[in-house]
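Residue numbers start from 1 in every chain, and the chains themselves are labelled A, B, ... in the order their sequence lines are given, proteins ahead of strands. Atoms considered below: every heavy atom in the structure, side chains included; atoms not considered: hydrogens, waters and symmetry mates.
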There are 2 protein chains.
Amino acid sequence: MRRTNLKDVAARAGVSIRTVSNVVNTPEIVAEPTRQRVLEAIEELGYRPNVAARQLRQGRGGAIGLVVPEIDSPYFAELAALVVREAEALGWTVLIEQTDGDAARERQLLDGARGQGVDGVIFSPWAMTAEEVSRSAMAPPVVMLGEQPGMGSVDRVAIDNRGAAREAVEHLLATGRTRIAAVGLQPHLSNETAEQRLGGYRAALEAAGLATDPELEVPVERLHHPEGMTAMARLLDLATPPDAVFCFTDQLALGAIRTCADRGVRVPEEVAIVGFDDIEPARYAVPALTTVAPDKHRLVELTLATLQARMAEPSLAGRDLVVPHRLVVRESAPAPTG
Amino acid sequence: MRRTNLKDVAARAGVSIRTVSNVVNTPEIVAEPTRQRVLEAIEELGYRPNVAARQLRQGRGGAIGLVVPEIDSPYFAELAALVVREAEALGWTVLIEQTDGDAARERQLLDGARGQGVDGVIFSPWAMTAEEVSRSAMAPPVVMLGEQPGMGSVDRVAIDNRGAAREAVEHLLATGRTRIAAVGLQPHLSNETAEQRLGGYRAALEAAGLATDPELEVPVERLHHPEGMTAMARLLDLATPPDAVFCFTDQLALGAIRTCADRGVRVPEEVAIVGFDDIEPARYAVPALTTVAPDKHRLVELTLATLQARMAEPSLAGRDLVVPHRLVVRESAPAPTG
DNA sequence: CCGCTAGTTTGCAACGTTGCAAGACGCTGC
DNA sequence: GCAGCGTCTTGCAACGTTGCAAACTAGCGG
């Protein structure tokens, strides 16, 4: 049993196939009685336009690609949910791809997604730099989500990672902590975001007249709970353990808290912990996590608006857009007393 | 600048357009030197097949739809990650849609996704029953993920929710708990899954010779942290609070733990808590959550295999497949002592 | 009564690909 | 030398849709 197409509807309604198409796409130019008749036929036969044909004819198919490292990290899952919701409002469907943060895979997917007949791509890179992306950028428009300004012709939407990191560390300093660790550098990747956050961390220390201590800057392979756990263990094993830890993601932070629980180290009394991303589990953790909250809603909204703008006018210069963030103070690093 | 197509490549390689198509699809029937020449041309021009045209011609386009209530719930995010990964291995792209568990939206998307030119749909319903789905089932094959057996012609893949719930409660009973609450019924939805879990809960109590107490069966609007928090608060306010709580999702359970922390109620000493789904945050929570862990990998694997089978042979009878699960015992409801 | 216009409807072609079946080519064997 | 065969290549049509421009209809003024 074939799917009903324009021809079927046209036959049923006793009009030409073209008229049916008009009813679907430009109802206002069709005379009322005809329109009614056609609509009935559409209803009765359950006609749905064939996206493939439409896409073939018009060149666009109403789908965008969302390319993220891993959809199962709460941060990306939350973004994806917003993207899907917002995209739907714009009449787009969302096609998801995972890169696992692998450079080769990022490159491949960035090309592949283009082939997959998407009209645009939202790309959240871990390994590729903005410059690389802009060099590879060809057919459909790309907007980079969460990557920091640089040079290149690609649009980017992100928060001020450096400033946010600095604020987080300043918050810790304000509560009297002086030995503050940073967890989350990724020297093996060219992860611009991590570098920005490290920069903010160092800047805050420096401004407070504190020396940076390589021992306190813990690199990690990935940004998940287990790495947070081992990093924290390593820090607690130092001759002089830190009295605060700034983690570059909430997952690292939650892992760190877990290790503290295992070792009977009290948070925040003995170690204060700050995360980054404000994922949902952080809100309900025990202790609830103090963290940097990007305005995710605005982030996604702007990303889609930018993508839309670029789809309409592909020759625009690359824009760098900054979205607000705020430090959400919770139990793991409470506000200064007094 | 147009995208390069078969014609361009054909011209470049000095062969017919059909031969290029053959090189791409059935390389083995093309003579070696020709093949080489064509491959070079493809490389030089950066040719990528046009999915829309291919889909129009062949009727399938290598995309499947994943329809879930909310992609940002860790449970669904984790499933989605697996689906995308597995699907890729099968040469499919995944298109994501969110229903918010709304019945109208579920129906609409189930029809819409069909129109969206997907070859098959993985559907995780909250509001629609299996029967409803099978009635609406038309064009592309559908596999229901996480929904319990019933009657209908649709394939379903799920764990034994009833049995799993029963095991969870039996575990609590084995540790000497006698006043066990259940959190997660959704009387306002026809959520078959919740009913199965409630059934398992009651069966375990009954088998232990304990009466069910309506006070201890807490309905919730949604299955998230906040509802877990208020449900727990309500339970703690009872004249005789429970000594254990079985939550139908990990998010409810984590919310419940959070409320206990707020009130200074010790988990598991005063109240043991068991969740359901084994989402990642549950593993690193403090206390770590005892929970029912569906074999997600197998779940997704089987779902895709089933979808594939049905796509190959649409007339097959609906199958009900059960995937293994296990109770993961952690701190929030530890193993019986001794 | 006819030409003209505005308002509707229609036919043709094309988007890029692949199924089908026929065509071209070079060899083998008689 | 030619039929016959196997190997490789090609042309045509069609998938369902929409852009374009022409065609039709009715109503109007001249």
Side-chain angles (χ1 to χ4, degrees), chain A residues 1-39 41-42 45-63 91 93 114-119 139-140, chain B residues 1-39 41-42 45-63 91 93 114-119 139-140:
Chain A
M1 197 171 118
R2 234 179 60 267
R3 254 187 55 177
T4 67
N5 57 21
L6 284 183
K7 196 147 85 180
D8 302 329
V9 179
R12 173 82 165 202
V15 295
S16 84
I17 171 183
R18 197 62 187 73
T19 296
V20 181
S21 171
N22 284 336
V23 170
V24 174
N25 296 292
T26 47
E28 66 276 11
I29 74 163
V30 180
E32 184 56 23
T34 317
R35 206 172 62 82
Q36 280 310 330
R37 204 143 33 91
V38 171
L39 285 178
I42 287 180
L45 299 177
Y47 168 75
R48 295 277 177 283
N50 179 318
V51 209
R54 191 174 265 183
Q55 170 164 0
L56 177 58
R57 186 66 242 258
Q58 320 196 102
R60 25 190 197 83
T93 346
R114 304 163 184 298
Q116 285 310 331
V118 295
D119 305 341
Chain B
M1 197 173 114
R2 234 180 59 270
R3 252 186 56 176
T4 67
N5 56 22
L6 284 182
K7 196 146 88 182
D8 302 329
V9 178
R12 174 80 164 202
V15 296
S16 85
I17 172 185
R18 197 61 188 75
T19 296
V20 181
S21 170
N22 284 335
V23 170
V24 175
N25 297 291
T26 45
E28 66 276 11
I29 75 162
V30 180
E32 185 56 21
T34 317
R35 205 172 64 82
Q36 280 309 330
R37 204 143 33 89
V38 171
L39 284 178
I42 287 180
L45 299 176
Y47 167 75
R48 296 277 178 282
N50 179 317
V51 209
R54 193 174 263 186
Q55 170 166 359
L56 178 57
R57 186 64 243 256
Q58 320 195 98
R60 35 200 184 77
T93 346
R114 304 163 184 297
Q116 284 311 331
V118 296
D119 305 342

Practice item. Kindly compute the distance separating CG (A:L45) from CG (A:L6), expressed to the nearest 0.5 Å. Key: 11.5 Å

Check your understanding: CD of A:Q55 to CG of A:N50: how many Å apart, nearest 0.5 Å?
Key -> 10.0 Å

Decide yes or no for [X] and [Y]: does some side-chain heavy atom of the first lie under 4.5 Å from some side-chain heavy atom of the second?
{"X": "A:V30", "Y": "A:V38", "answer": "no"}
{"X": "B:V24", "Y": "B:I42", "answer": "yes"}
{"X": "A:T19", "Y": "A:T34", "answer": "yes"}

Review point. With A:R37, which residues qualify under salt bridge (Lys or Arg N to Asp or Glu O under 4.0 Å), at least two apart?
Key: none

Review point. In this structure, which one of B:R3, B:R48, B:R2 forms a salt bridge (charged side-chain N to carboxylate O under 4.0 Å, His left out) with B:D8?
Key: B:R2

Exercise for review: Describe, as an angle rounded to 10 degrees, how the axis at the first end of the helix from C:dC1-D:dG30 to C:dC30-D:dG1 is tilted relative to the axis at the last end, five pairs per end.
Suggested key: 60°

Review point. Given D:dT10, is OP1 or OP2 found less than 4.0 Å from the side-chain N or O atoms of B:T19?
Key: yes

Check your understanding: Can you tell me how far P of D:dT7 sits from CZ of B:R35, to the nearest Å?
Key -> 17 Å

Practice item. Go along nucleotides 16-25 of chain D 5' to 3' and tag each nucleotide: B for a protein heavy atom under 4.0 Å from its base, S when only backbone or sugar atoms are that close, - otherwise. Key: BBBBB-----

**Study point:** Test log, rule side chain to side chain donor-acceptor pair (under 3.5 Å), inputs B:N22 and B:R18
**Key:** CA-CA 6 Å; B:N22 284 335; B:R18 197 61 188 75; 2.9 Å; yes

